[in-house]
Amino acid sequence: MAKFFYITTPIYYVNDKPHIGHAYTTVACDVLARFRRLQGLDVFFLTGTDEHGKKIQKAAEENLADPKSYVDRFARIFQDAWLALNISNDDFIRTTQDRHYKAVAKFWQIVKNNGDIYKGKYSGWYCVPCETFFSDEQLVNGKCPDCGREVEWMEEESYFFRLSKYTQPLLDLYNDKKNFVMPDFRRNEVIQFVSQGLKDLSISRSKFSWGIKVPDDPKHVIYVWFDALLNYLTAAGFAEDEERFKRIWPADVHVVGKEIVRFHAIIWPAMLMSANLPLPKMVFGHGWWTMEGEKMSKSKGNVVDIWALSKEVGVDPMRYFLMKAVPFGQDGDFSYKNLKEILNSDLANDFGNLLNRTASMIERYNNSMLTEADKFFDGENYVKLRAIFDGMKERIEKYYDNLSFSFVLEEIMTLVKGANKFLDETAPWRCFKENGFNTQVASAFYHVFEVIRLCAIALYPFMPSISSDVLKRLSVKDNPSWSEFEWGLLPLPCRIEKGEPIFKRLEN
């Protein structure tokens, strides 16, 4: 049986349509999921929507809708967005589904039976958009430290989770498993926060009704974050399919934005410790996108429309740009100038041009047929090109282990540039002019097309449609496996299909 690999996006709050931040997280997870499938792993890739809480109830009321109809509409928008971006998720979890209600009720009872839930009274500053309480010390200029919005004072009866009990176990976890929180600077932030000591967490609300009812106390609804985090268990089969749950859980990686790392790296493992369940292997917090140096917001009119962008430049090129422009984990700045430069340089000028000009020559020289060639020619230029490829497979695998997507793409483009240089230096057109289409000419072309094949396999997780098209043009199967990422596997003879240019230069 193939090894399981379980990867998740956060579940997205359905108070607006998806934006580039949602797309960034989801494409990153899709790239990793597709790569693990290339490796032969049995992948379970989960995304979904978070649909409870006061913010949703308030938004529904403002739109003269009942909460369920409101969240149904936005959940559909998210599902349509991921279809449009060619996201290969295996499941789409919604926190309003019956399976999730069952899982939350079961988990609540386990934690309560273990003595980690008690009833008390809570008072504090509450940020409705963030669904979070803050102390006086945590506020910044009297406002929410996370989103900068106004907060309101709330006092209510509440159930509490004994989060404080897990201060030391969490610190031990971060010390024992260095890659539990990634990147390292996020881990250091989490350790610093937990080292100050944790307070028990209010996990129910009684002043609004849109949420999962507390078992045996329907006056309370469960705090949206306590409910939402459990989606990862629900989708794995918790409370419904014990055998499936044992096979899938724990998650290999939760990919989240930096603003919710604390929920996933502190509250979530503490909850699982309380329930005596295995912990996820990694929580990876990536950075935020700004627009031309400014925070994106609808009021400023600088929000990137992912539908318009994908239509303008193409879905695969957009996916490529999102993964190439910024080292994953760092903050990034979106600019159309940078978008144009990256796509024109990498995809149009380097990779696209390499395929187009070589396919054109083989069409003219030998009726598009690549015939007998020396796959391992030992001339100086050939040796230099293969030297770029040496060790590339292992380097890419290591980058994926650390979610270093931009470094994977740098590796691929280094090989592409090497092939362009090789073609210029060997100049097979000169040999053809003097001696016709002989083994020396065929060998030069073979090396270039072999690089194109290898790069199409490596690019497949990022650009599945375009990569499949390229592989078809080389007369090889368009559903590659990672085992085929080895030099010399392009079959001979083979027909090379020129086709239309795979990338169009961006002008405006």
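Residues: numbered from 1 along the sequence shown.
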Check: Are Tyr159 and Trp108 near enough that their ring centres are under 6.0 Å apart?
Finding: yes
Checklist line | Phe389 ring center near Phe485 ring center (under 6.0 Å) | finding: yes
Check: Within 45° of the axis and under 6.0 Å from the centre of the six-membered ring of Phe44, does NZ or CZ of Arg244 qualify?
Finding: yes
Notebook entry, point to check: Is the closest basic N to carboxylate O distance between Asp42 and Arg247 below 4.0 Å?
Noted result: no
Next item on the list: Using only heavy-atom distances, determine whether the side chains of His254 and Thr8 contain a donor-acceptor pair under 3.5 Å.
Entry: yes
Notebook entry, point to check: For the residue pair Tyr13 and Phe74, is the inter-centroid distance of their aromatic rings smaller than 6.0 Å?
Noted result: no
Next item on the list: May I ask you to say whether Arg36 pairs ionically with Asp401, meaning some side-chain N is under 4.0 Å from a carboxylate O?
Entry: yes
Next item on the list: Measure the acute angle between the ring planes of His22 and Phe78, then classify it against the limits of 30° and 60° as parallel, tilted or perpendicular.
Entry: perpendicular
Item checked: Any residue meeting side chain to side chain donor-acceptor pair (under 3.5 Å) with Asn114, in chain and number order, not counting sequence neighbours -> none
Notebook entry, point to check: Regarding Glu156 and Ser206, is there a side-chain donor-to-acceptor distance under 3.5 Å anywhere?
Noted result: yes
Item checked: NZ/NE/NH1/NH2 to OD/OE distance under 4.0 Å, Arg37 and Asp90 -> yes
Note to self: So that I can tick it off, tell me whether Glu189 and Arg262 are bridged by a salt bridge, with the cut-off set at under 4.0 angstrom between side-chain N and carboxylate O.
What the structure shows: no
Next item on the list: Quick one: list whatever passes side-chain contact (heavy atoms from CB on, under 4.5 Å) with Asp116, sequence neighbours left out.
Entry: Val111, Phe161, Arg162, Lys165, Tyr166, Ser274
Next item on the list: Compute whether any side-chain donor of one residue and acceptor of the other, for Asn188 and Gln192, lie under 3.5 angstrom apart.
Entry: no
Checklist line | Option passing ring pair (Phe, Tyr, Trp, His ring centres under 6.0 Å) with Tyr400 (candidates Trp482, Phe284, Phe35) | finding: Phe35
Next item on the list: State yes or no: are the ring centers of Phe238 and Trp249 separated by less than 6.0 Å?
Entry: no
Note to self: Assess whether a salt bridge exists between Asp30 and Arg34, defined as any Lys/Arg side-chain N lying under 4.0 Å from an Asp/Glu carboxylate O.
What the structure shows: yes
Next item on the list: Take His264 and Tyr232 through the test ring-ring contact (aromatic ring centres under 6.0 Å, His included) and record every step on the way to the result.
Entry: CA-CA 11 Å; His264 286 79; Tyr232 306 125; 5.7 Å; yes
Check: In terms of side-chain geometry, is the basic nitrogen of Asp184 or Lys178 positioned less than 4.0 Å from the acidic oxygen of its partner?
Finding: no
Note to self: Assess the residue pair Glu259 and Trp288 against the criterion (side chain to side chain donor-acceptor pair (under 3.5 Å)); give the C-alpha distance rounded to whole Å, side-chain angles, the decisive distance to 0.1 Å, and a yes or no.
What the structure shows: CA-CA 9 Å; Glu259 75 280 6; Trp288 286 344; 2.6 Å; yes
